[in-house]
S.K.: 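There's a structure below that I have some questions on.
Counting convention: from 1, in listed order, for ligands and their atoms alike. Values below: every heavy atom of this structure, side chains too, minus hydrogens, waters and symmetry copies. Please read these numbers as outputs of a predicted model, since none were measured by experiment.
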Amino acid sequence: MSGRFGNYGGQFVAETLVGPLEELWDTYLAARQDPTFEAELDNLLATFVGRPTPLTRLRRLGADHGVTIWLKREDLTHTGAHKINNAIGQALLAHRLGKRRIIAETGAGQHGVAVAAACAYLGLDATIYMGRVDAARQEPNLQRMKLLGAEVRLVDLGTATLKDAVNEAIRDWITHPDDTHYLLGSVVGPHPFPSIVRDFQSVIGREAREQFLAVAGQLPDAVIACVGGGSNSIGVFSGFLDNDVRLVGVQAAGDGSGRLGHHAAPLLYGEPGVLQGMRTYLLQDDDGQVLLTHSIAPGLDYPGAGPEHSHLKDSGRVEYLTASDDEALAAFQLLARAEGIVPALESSHAVAAALRLAPTFPRGSQLLVNLSGRGDKDLTSAIAAIGQRREHSGGTA
Ligand SMILES: *Cc1c(COP(=O)(O)O)cnc(C)c1O
């Protein structure tokens, strides 16, 4: 059955959404068969998004262990993260659907900014749902979305974070399915979103594979990416799934205690269940109540991962680890100081895992890290968190 990844995925939605989801899938499949759609998408990726993004070889990190670390630079895309790859693709698809009103949810604000930019460029109206807590953490992105002409609706329900913004966007779509496209930002939600978003993000893996072969004359020994909903990781992994390449997904360990409510790692600590239209690994209690999550990186602060990741976990093809807030903050500073690149806090989790794994690889190994976004949006919160930790350790850190 389409829309299934092993025991995961599916389409657990209100009756009113079955028709629009089917229309979306049919239109999408037809678009992908149409050379004019492909040509338009390629042109937008080249001239608006700024693709292909480069591969950067790190000069210092990893060198102590004789390991070479490469970064796939999604931080250099327009609007500063991989989210734009999917936003521009779905905005183009909305044109085909004849829908001029776009709604979207955002956590870190990166998806909201990408949607607002794509809609402004393609002449669509954007309404973005954002939890009030996230909006406070990501004030510059809130301003950016407004400047780009989007209407931002702040959500006060629940924990006022990403999960609640998704719920509100779904509610909006149920009441306006005919003229509105829900531009979902990750490989989550009901079929066909996990497949469509994966396909639009697979450009990362295609480019990375080709670039790696060109500069290194081989495939990488491992590919490492952070996993929130799971789109940047699925995108980069898709280029290497059929090869003998170790694939590592990194979830947020939060404070590192492993206690429920203190992390955002459903693929390590969760159980299968149904949330927001999909069956996948979730953080929930014995009564099926979805639990609170915590990560210093707002883009990772979500209680479920996409259904394809749940399948890749069970099959063992991808291994899932965690990095904590502290490890991410350390990697954030290290990459900036040692290599001249300020990563997003989300991406810092992948960098942290690469640094931890580097000594376990034989000398001469080549690791590829997907740098999903840049850290400008995180400067205020990261600097504050670093300052707090210094105070706690008596100013010696
Ligand atoms: C949104 C975001 C993520 C997490 O989303 P995925 O769907 O797991 O990729 C990671 N990094 C950055 C920079 C983000 O903006």
S.K.: Pick from R279, H191, M278: which one makes a side chain to side chain contact (heavy atoms under 4.5 Å, CB included) with Q11?
M.R.: H191
S.K.: May I ask you to list the atoms of ligand 1 that are less than 4.0 angstrom from any heavy atom of A344?
M.R.: 13 (C)
S.K.: Is there a donor in the side chain of H263 and an acceptor in the side chain of T293, or the other way round, less than 3.5 Å apart?
M.R.: no
S.K.: Would you say E346 has any N or O atom under 3.5 Å from an N or O of ligand 1, going by distance alone?
M.R.: no
S.K.: If we count only N and O atoms by modelled type, under 3.5 Å, do the side chains of Y8 and D314 hold a donor and an acceptor together?
M.R.: yes
S.K.: Going by the atom numbers of ligand 1, which of them fall below 4.0 Å from some non-hydrogen atom of Q110?
M.R.: 15 (O)
S.K.: For K83 and ligand 1, answer yes if some heavy atom of the residue is under 4.0 Å from a ligand atom, otherwise no.
M.R.: yes
S.K.: Could you find the nearest protein heavy atom to atom 4 (C) of ligand 1 and give me its residue, atom name and distance?
M.R.: G299 O, 3.4 Å
S.K.: What do you reckon, does H82 put a non-hydrogen atom under 4.0 Å from ligand 1?
M.R.: yes
S.K.: I want to know if ligand 1 touches S186 in the polar sense, i.e. an N/O pair below 3.5 angstrom.
M.R.: yes
S.K.: Side chains of Y302 and Q276: any donor to acceptor distance under 3.5 Å?
M.R.: yes
S.K.: Angle between ring planes, Y28 versus F200, binned at 30° and 60°: parallel, tilted or perpendicular?
M.R.: perpendicular
S.K.: What atoms of ligand 1 come closer than 4.0 angstrom to any heavy atom of G373?
M.R.: 13 (C)
S.K.: Using atom types as modelled and distance alone, determine if a side-chain donor or acceptor of T56 lies under 3.5 Å from a backbone N or O of L71.
M.R.: no
S.K.: Just jot down the ligand 1 atoms closer than 4.0 angstrom to any heavy atom of G228, in number order.
M.R.: 8 (O)
S.K.: Does the plane of the ring in F193 sit parallel, tilted or perpendicular to the ring in H181? Use 30° and 60° as the thresholds.
M.R.: tilted
S.K.: Would you mind listing which atoms of ligand 1 come within a distance below 4.0 Å of any non-hydrogen atom of G230?
M.R.: 6 (P), 7 (O), 8 (O)
S.K.: On a heavy-atom basis, I'd like to know which of N86, N232, I84 is closest to atom 9 (O) of ligand 1.
M.R.: N232
S.K.: Please work out whether the ring planes of Y121 and F48 are parallel, tilted or perpendicular, with thresholds of 30° and 60°.
M.R.: parallel
S.K.: Give the atom numbers and elements of ligand 1 that come within less than 4.0 Å of a heavy atom of S231.
M.R.: 6 (P), 7 (O), 8 (O), 9 (O)
S.K.: Would G185 count as being in polar contact with ligand 1, using the rule that some N or O on each side must be under 3.5 angstrom apart?
M.R.: no
S.K.: Compute whether any side-chain donor of one residue and acceptor of the other, for S393 and R389, lie under 3.5 angstrom apart.
M.R.: no
S.K.: Measure centre to centre between the rings of F361 and H65, then say whether the value is under 6.0 Å.
M.R.: no
S.K.: Among protein heavy atoms, which lies nearest atom 11 (N) of ligand 1, and at what distance?
M.R.: S372 OG, 2.7 Å
S.K.: Which atoms from ligand 1 have a heavy atom of C226 less than 4.0 Å away?
M.R.: 10 (C)
